[in-house]
Structure formats: C-alpha cells, structure tokens
Amino acid sequence: MAKKLVIKVTAGADAPERCSQAFTVAAVAVASGVEVSLWLTGESVWFALPGRAAEFELPHAAPLPELIDGILAGGGAITVCTQCAARRGVEQQDLIDGAGIAGAQLFVSEIMPDGVQALVY
C-alpha cells in the first residue's frame, strides 16, 4: 500500500520559516512520488489566492509559487479550511486553480486510514 502524507499548515507570513517548511516538505514529497494532501489553515489561507504566494519572501527558501505549482502539477491536493476561509471572506471562486475548500470532516477522513502520515506545521 502506498503511503499518503497529509500536511496541515497553521502559519503564514506570521511565521515564515514554519510556513515555508510545510510547503517545501509537501513539494519534495510529491516530487518523490508520495501522495500529498496539503491543508491551509489560519494565515496560510491567503496563499491559495492568486498572486498572494508571490508576496511571500524568505531568504534561502524556494519561492512559494514554485512549490505550489510543483505540488499541484505532481497530483497533490491543496485544501483550504472552511472556517478559516469564511473568517477571511474567502470563497471557492477566489482560489487558485486546483485548490478547494473543505472542513474538518474531510481532514479527519484523510488522516485516519492506515498508511497515512499527518504533519502539522
């Protein structure tokens, strides 16, 4: 059975190193052939909007737009937390192509099966 990696990002520009690490691990995992589901919560929600990832800068880190493109191109999923999106006035039509909005029920269903590794940043 193939392993799946579910990563929840709880930080955005407010904690840039933690945020960048989550996107980097997701992109490397996808490039390595691992099934990846990346969940954006809290301030990381903003990176699911067009152009917002390009505003993120962290020295010696890969650019977020490149990491996001790699995740999506490799078949990874990007999901924005329903409540987090609502608190920020973000709706499905506001998101980049390939991203979706879903709630805790889907997150729990993704992390519970055997062969799944969940990480929270």
Side-chain angles (χ1 to χ4, degrees):
M1 171 186 355
K3 288 202 68 149
K4 179 176 182 176
L5 182 60
V6 180
I7 300 172
K8 181 181 273 195
V9 190
T10 63
D14 56 325
E17 289 181 311
R18 188 164 26 120
C19 176
S20 177
Q21 186 68 22
F23 281 91
T24 300
V25 168
V28 168
V30 167
S32 300
V34 175
E35 181 183 355
V36 172
S37 177
L38 180 67
W39 282 75
L40 306 182
T41 68
E43 289 299 296
S44 69
V45 166
W46 296 117
F47 299 129
L49 277 67
R52 294 298 288 267
E55 297 171 5
F56 180 87
E57 291 185 12
L58 181 63
H60 310 290
L64 280 191
E66 291 178 18
L67 296 173
I68 291 169
D69 289 348
I71 293 164
L72 293 172
I78 296 179
T79 306
V80 172
C81 161
T82 301
Q83 291 180 14
C84 299
R87 282 190 282 274
R88 290 160 179 79
V90 174
E91 298 180 359
Q92 180 64 48
Q93 66 266 20
D94 301 324
L95 302 181
I96 58 174
D97 290 339
I101 296 176
Q105 182 178 4
L106 179 59
F107 180 78
V108 170
S109 72
E110 285 189 8
I111 64 170
M112 292 310 297
D114 290 339
V116 175
Q117 175 69 51
L119 300 174
V120 178
Y121 285 90

Assess the residue pair Leu64 and Glu66 against the criterion (side chain to side chain contact (heavy atoms under 4.5 Å, CB included)); give the C-alpha distance rounded to whole Å, side-chain angles, the decisive distance to 0.1 Å, and a yes or no.
CA-CA 5 Å; Leu64 280 191; Glu66 291 178 18; over 6 Å; no
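- Ile68 approaches Ala53 most closely through the heavy-atom pair CD1-CB, 3.7 Å.
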side-chain hydrogen bond (donor to acceptor under 3.5 Å, both in side chains) for Trp39 and Thr41? Distances and angles first, verdict last.
CA-CA 6 Å; Trp39 282 75; Thr41 68; over 6 Å; no
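- Considering every non-hydrogen atom in both Lys3 and Val34, the closest pair reads O-CG1, 4.0 Å.
- Cation-pi geometry between Lys8 and Tyr121 is not met: the NZ or CZ atom fails to fall both under 6.0 Å from the ring centre and inside 45° of the normal.
- For the ring pair (Phe, Tyr, Trp, His ring centres under 6.0 Å) condition, no pair includes a residue of residues 58-83, sequence neighbours left out.
- The hydrophobic cluster containing Phe47 also contains Ile96, counting ILVMFWY residues as joined when their side-chain heavy atoms lie under 4.5 angstrom apart, directly or transitively.
- Interatomic distance, Arg52 CZ to Asp94 CG, rounded to the nearest 0.5 Å: 11.0 Å.
- Here the closest non-hydrogen pair linking Leu95 and Pro50 is C-CD, 4.2 Å.
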Could you go through the side chain to side chain contact (heavy atoms under 4.5 Å, CB included) check for Phe56 and Ser20 one step at a time?
CA-CA 9 Å; Phe56 180 87; Ser20 177; 4.2 Å; yes
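- Applying the salt bridge (Lys or Arg N to Asp or Glu O under 4.0 Å) rule to pairs touching residues 37-48 yields Glu43-Arg88, sequence neighbours excluded.
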List the steps and the verdict of side chain to side chain contact (heavy atoms under 4.5 Å, CB included) for Lys4 and Ile111.
CA-CA 9 Å; Lys4 179 176 182 176; Ile111 64 170; over 6 Å; no
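- Here the closest heavy-atom approach between residue Thr82 and residue Gly103 is recorded as OG1-N, 3.1 Å.
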Go through Val90 and Trp46 one step at a time and tell me if the side chain to side chain contact (heavy atoms under 4.5 Å, CB included) criterion holds.
CA-CA 9 Å; Val90 174; Trp46 296 117; 4.0 Å; yes
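- Leu106 and Val45 fall into different hydrophobic clusters, defined by Ile, Leu, Val, Met, Phe, Trp and Tyr side-chain heavy atoms under 4.5 Å apart, directly or through other members.
- For CD of Gln105, the number of neighbouring non-hydrogen atoms (other residues, nucleotides, ligands) closer than 6.0 Å is 12 at most.
- Heavy-atom minimum distance, Ile101 versus Thr79: C-CG2, 4.2 Å.
- Linking ILVMFWY residues whenever their side-chain heavy atoms come closer than 4.5 Å, directly or via other members, places Ile78 and Leu119 in the same cluster.
- The minimum heavy-atom distance between Ala48 and Val80, with the atom names listed, is CB-CG2, 3.5 Å.
- At least one donor-acceptor pair closer than 3.5 Å links the side chain of Ser44 to the backbone N or O of Val9.
- Hydrophobic cluster membership differs between Val120 and Leu67, with clusters built from Ile, Leu, Val, Met, Phe, Trp and Tyr side chains linked at under 4.5 angstrom.
- A single hydrophobic cluster is seen to contain both Leu38 and Leu58, as judged by linkage of ILVMFWY side chains at heavy-atom distances under 4.5 Å, directly or through other members.
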